[in-house]
Amino acid sequence: MLAAGCGARVPTVAKLAPTDVIVAFGDSLTFGVGAGEAESYPLVLGQLIARNVVRAGVSGEVTEGGLARLQNVIDEHKPKLMIVCLGGNDMLRKLDEAQTKTNLRTIINTIKAQGISVVLVGVPKPALVTSAPPFYEEIAKEFGIPYEGKIVTDVLYQRDQKSDAIHPNAKGYRRMAEAIAALLKKAGAL
């Protein structure tokens, strides 16, 4: 199974009913820093796919913090699918990459163990010329889950789509939502 992109086969996830809840789980990129709440990618995604997408993003959060609050988020919202977009703050703070990978694996394993589908979104490593580190795609392949590894990088390379060096603006978040909606369709969720 390969990750999304360039005609590659996308791992499938369970088809979502119109009433199923999706949780977008992550940091400031999920919260929507740099745009209004209604312009955050989870809320735009919900409009695009006509589903309830919960915005469970905490600005500044590292993967360890995400892991600590994960079960409470699952218990509160009872999602059928979760979109995980975490790791950028780990890289910004130069935290141990091996620990970041372990935390992401534990987050995904915890979600999957409860029968919830998972989609992973890769975040670029802070640098002048950058992309999402290979470990995101490796983790997606390991768990056989859909992966979007290019959209955040693409948005952050467009001046008119970002609010600052590490956050999209409303236009950039719309592009993220559109890319994730397309991935969900390819994965059979919609």
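Sequence positions, counted from 1, serve as the residue numbers for this chain. Computed from a predicted model, the values in this text were never measured in an experiment.
A salt bridge links Glu61 to Arg69: one of the charged nitrogens lies within less than 4.0 Å of a carboxylate oxygen.
The shortest side-chain heavy-atom distance between Val121 and Ile83 falls under the 4.5 Å cut-off. Contact of the Val13 side chain with the Pro146 side chain is registered, since non-hydrogen atoms from C-beta on lie closer than 4.5 Å. Using a 4.5 Å heavy-atom cutoff, the side chains of Lys112 and Ile145 are in contact. By the 4.5 Å heavy-atom criterion applied to side chains, Thr30 and Tyr41 are counted as neighbours.
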* To do: Could you check Phe25 against Leu86 for side-chain contact (heavy atoms from CB on, under 4.5 Å), going step by step and ending with a plain yes or no?
  => CA-CA 8 Å; Phe25 188 78; Leu86 268 173; 3.8 Å; yes

* To do: Apply side-chain contact (heavy atoms from CB on, under 4.5 Å) to the pair Tyr147 and Ile139, showing each step before the final yes or no.
  => CA-CA 9 Å; Tyr147 171 64; Ile139 290 170; over 6 Å; no

* Evaluate side-chain contact (heavy atoms from CB on, under 4.5 Å) for Ile22 paired with Ile49, printing each intermediate quantity in order. => CA-CA 11 Å; Ile22 299 169; Ile49 65 172; 3.5 Å; yes

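Scanning for side-chain contact (heavy atoms from CB on, under 4.5 Å) contacts around Gln161 gives Val155, Gln158, Asn169, Lys171, Arg175, with sequence neighbours left out. Scanning for side-chain contact (heavy atoms from CB on, under 4.5 Å) contacts around Val44 gives Leu48, Arg174, Ala177, with sequence neighbours left out. For Gln99, the side-chain contact (heavy atoms from CB on, under 4.5 Å) partners at least two apart in sequence or on another chain are Asp96, Thr102, Asn103.
Side-chain heavy atoms closer than 4.5 Å link hydrophobic residues (I, L, V, M, F, W, Y) into clusters, and following such links, even through other members, never connects Leu81 to Leu43.
Side-chain contact annotation: Asn72 with Glu76, donor-acceptor N/O pair under 3.5 Å absent.
Atom CD of Glu178 has more than 12 neighbouring heavy atoms from other residues, nucleotides or ligands inside a 6.0 Å radius. In the displayed structure, Lys80 atom NZ is contacted under 6.0 Å by at most 12 heavy atoms of other residues, nucleotides or ligands. In Arg159, the CZ atom is not crowded: 12 or fewer heavy atoms of neighbouring residues, nucleotides or ligands sit closer than 6.0 Å. Shown here is Lys125, whose NZ atom has no more than 12 heavy atoms of other residues, nucleotides or ligands within 6.0 Å.
Here the CD1 atom belonging to Ile108 is positioned 13.0 Å from the CD1 atom belonging to Ile116, to the nearest 0.5 angstrom. One finds the CG atom of Asn89 at 13.0 Å from the CD atom of Glu64 (value rounded to the nearest 0.5 Å). The distance from atom CD1 of Ile151 to atom SG of Cys85, rounded to the nearest 0.5 Å, is 11.5 Å. Rounding to the nearest 0.5 angstrom, the gap separating the CD atom in Gln71 from the CD1 atom in Ile111 is 9.5 Å.
Checking side-chain atoms of Lys78 against main-chain N and O of Asp75 turns up a donor-acceptor pair under 3.5 Å. Judged purely by atom type and a 3.5 angstrom limit, Glu138 has no side-chain atom pairing as donor or acceptor with the backbone of Ala140. Checked by atom type and distance alone, the side chain of Lys162 pairs as donor or acceptor with a backbone atom of Leu156 at under 3.5 Å. Listed for the Arg51 side chain is a donor-acceptor partner under 3.5 Å among the backbone atoms of Ala17.
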